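Notes follow once the structure below has been shown.
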Amino acid sequence: MRLFVAICLEDAIRDALCRASGALREQAQFGRFTHRNNLHLTLAFIGETARLADAKRAMASVRAAPFSLTIGGMGRFARRGGDLYWAGAELSAPLAGLQAQVADALRKQGFSLDDKPFKPHLTLAREVRLSDPPDENALAKRVPPMEMRVERITLMKSERLQGKLTYTPLYHTLLEEQA
Ligand code: ATP
Ligand code: MG
């Protein structure tokens with residue numbers, strides 16, 4: 001199975017992201033837009049594995065307090081065949097610490113993760129082709145700043161069911177105030 005660890009989003013945040021990505025869709029000649037249910041912030045990508053119990057063990061070892069996640073702005077990663085558009089998330093100390101802890105816990109369980117620096121983003125669309133792509137400043141204004149309290153992280157399974165990309169939560173770790 002294909003696994004990753006994510007922060008799932010509140011409905012109000014999903015609504016705002018859908019508004020922003022809807023506007024983009026209207027301008028685009030082509031794009032694969034993230035379904036509302038699938039919007040998330042990836043903390044670690046595990047990839048193909050059969051070791052679900054080890055992944056759960058890593059999740060269970062994470063100790064972190066709830067924190068406030070700041071989302072806002074839109075950006076683009078240039079790609080051949082069409083760009084990836086994302087909404088930004090602030091790389092705050094609690095988010096950076098949580099991501100590092102999740103990655104360390106997974107590595108301790110024997111998973112090899114890529115060691116690219118963590119760039120928190122919420123993918124809105126892939127393979128986007130726009131005849132007149134907005135400049136960086138215009139893009140940044142398309143998602144208003146928003147905050148949500150992060151109280152859990154989730155181990156997700158990613159699969160195609162009848163051709164449809166489907167993410168299923170398999171395990172949660174609650175974030176709790178640390179003594
Ligand atoms: P698809 O690959 O079908 O376009 P997807 O990328 O959303 O869809 P997955 O490839 O299963 O689905 O990825 C699950 C999550 O992990 C996504 O947030 C994706 O961006 C992220 N991810 C996938 N591969 C990597 C990677 N090599 N490094 C970091 N994050 C990754
Ligand atoms: Mg992918």
Side-chain angles (χ1 to χ4, degrees), residues 1-11 13-18 20-22 24-25 28-52 54-56 58-59 62 69-92 95-130 139 143 146 148 150 152-173:
M1 70 196 93
R2 189 177 173 93
L3 300 179
F4 65 104
V5 180
I7 293 173
C8 299
L9 305 173
E10 280 173 5
D11 282 346
I13 305 252
R14 291 179 196 272
D15 290 343
L17 296 177
C18 283
S21 89
L24 191 65
R25 188 199 290 262
Q29 281 74 55
F30 184 82
R32 290 196 298 121
F33 286 78
T34 305
H35 190 278
R36 186 180 194 281
N37 294 339
N38 286 352
L39 291 163
H40 67 277
L41 174 62
T42 299
L43 294 175
F45 179 70
I46 299 171
E48 274 307 320
T49 181
R51 294 192 295 116
L52 177 58
D54 291 347
K56 287 183 180 173
M59 293 286 291
V62 170
L69 174 69
T70 303
I71 290 167
M74 192 190 280
R76 167 178 51 209
F77 294 146
R79 295 273 193 277
R80 262 172 290 145
D83 297 342
L84 186 153
Y85 281 77
W86 44 265
E90 187 191 322
L91 186 54
S92 63
L95 178 60
L98 177 63
Q99 193 276 336
Q101 206 188 133
V102 169
D104 284 353
L106 288 166
R107 289 194 179 99
K108 257 186 213 143
Q109 290 298 326
F111 294 104
S112 48
L113 310 178
D114 72 30
D115 42 21
K116 280 182 286 180
F118 177 50
K119 282 196 216 164
H121 64 278
L122 302 93
T123 299
L124 300 176
R126 292 190 170 81
E127 295 174 35
V128 176
R129 295 197 274 276
L130 279 179
L139 268 188
V143 178
M146 298 176 277
M148 73 166 255
V150 180
R152 56 171 61 187
I153 58 173
T154 306
L155 180 64
M156 307 285 270
K157 175 159 91 166
S158 167
E159 64 194 327
R160 297 242 160 220
L161 295 176
Q162 279 127 28
K164 204 171 147 211
L165 178 64
T166 307
Y167 300 147
T168 307
L170 298 182
Y171 188 87
H172 298 290
T173 300

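Numbers for residues simply follow the sequence, beginning at 1. Small disclaimer: the values here were computed from a predicted structure and weren't measured. Worth knowing before you read on, the calculation uses all heavy atoms, side chains too, and leaves out hydrogens, waters and symmetry mates. Whatever order the structure lists them in is the order used to number ligands and atoms, beginning at 1.
- Summary of contacts: the protein heavy atom closest to atom 8 (O) of ligand 1 is Leu165 CD2, 3.4 Å.
- For atom 2 (O) of ligand 1, the nearest non-hydrogen atom of the protein is Arg2 NH2, 4.4 Å.
- The atoms of ligand 1 that sit less than 4.0 Å from any heavy atom of Arg32 are 4 (O).
- Listed by atom number, the atoms of ligand 1 under 4.0 Å from Thr42 heavy atoms are 15 (C), 16 (O), 17 (C), 18 (O), 21 (C).
- Of all protein heavy atoms, the one closest to atom 28 (N) of ligand 1 is Asp114 OD2, 3.1 Å.
- In terms of modelled atom types and a separation under 3.5 Å, the side chain of Asn38 and the main chain of Leu165 share a donor-acceptor contact.
- A 4.5 Å side-chain heavy-atom check between Thr166 and Asn37 finds every atom pair outside the cut-off.
- Going from atom CG of Leu155 over to atom OG1 of Thr168 covers 11.0 Å, rounded to the nearest 0.5 Å.
- Using a 4.5 Å heavy-atom threshold, the side chains of Leu130 and Tyr85 count as touching.
- Atom 1 (P) of ligand 1 has Arg160 NH2, 4.1 Å as its closest protein atom, hydrogens excluded (heavy atom only).
- Shown in contact with Ser158 at under 4.0 Å from a heavy atom are these atoms of ligand 1, numbered in order with element: 9 (P), 11 (O), 12 (O).
- For atom 7 (O) of ligand 1, the nearest non-hydrogen atom of the protein is Tyr167 OH, 2.3 Å.
- Scanning the protein for heavy atoms near atom 6 (O) of ligand 1, the closest one is Arg126 NH2, 2.8 Å.
- Side-chain contact between Phe4 and Ser158: present, with at least one pair of heavy atoms (C-beta onward) separated by less than 4.5 Å.
- Using a 4.0 Å heavy-atom cutoff, Thr123 is absent from the residues neighbouring ligand 1.
- Annotation: Lys116 places no N or O atom under 3.5 Å from an N or O atom of ligand 1; distance criterion only.
- The aromatic rings of Phe77 and Trp86 sit tilted relative to each other, their planes meeting at an angle between 30° and 60°.
- For the pair Ile153 and Met59, the minimum side-chain heavy-atom distance is below 4.5 Å.
- To the nearest 0.5 Å, atoms OH (Tyr171) and CG (Leu52) are separated by 10.5 Å.
- Protein heavy atom closest to atom 16 (O) of ligand 1, with residue, atom name and distance, is Phe45 CD1, 3.2 Å.
- Ligand 1 lies less than 4.0 angstrom from a heavy atom belonging to His40.
- Ligand 1 does not have Glu159 within reach: every non-hydrogen atom of the residue lies 4.0 Å or more from it.
- Considering Val150, Leu17, Asp15 in turn, Leu17 is the only one that fulfils the side-chain contact (heavy atoms from CB on, under 4.5 Å) rule with Leu9.
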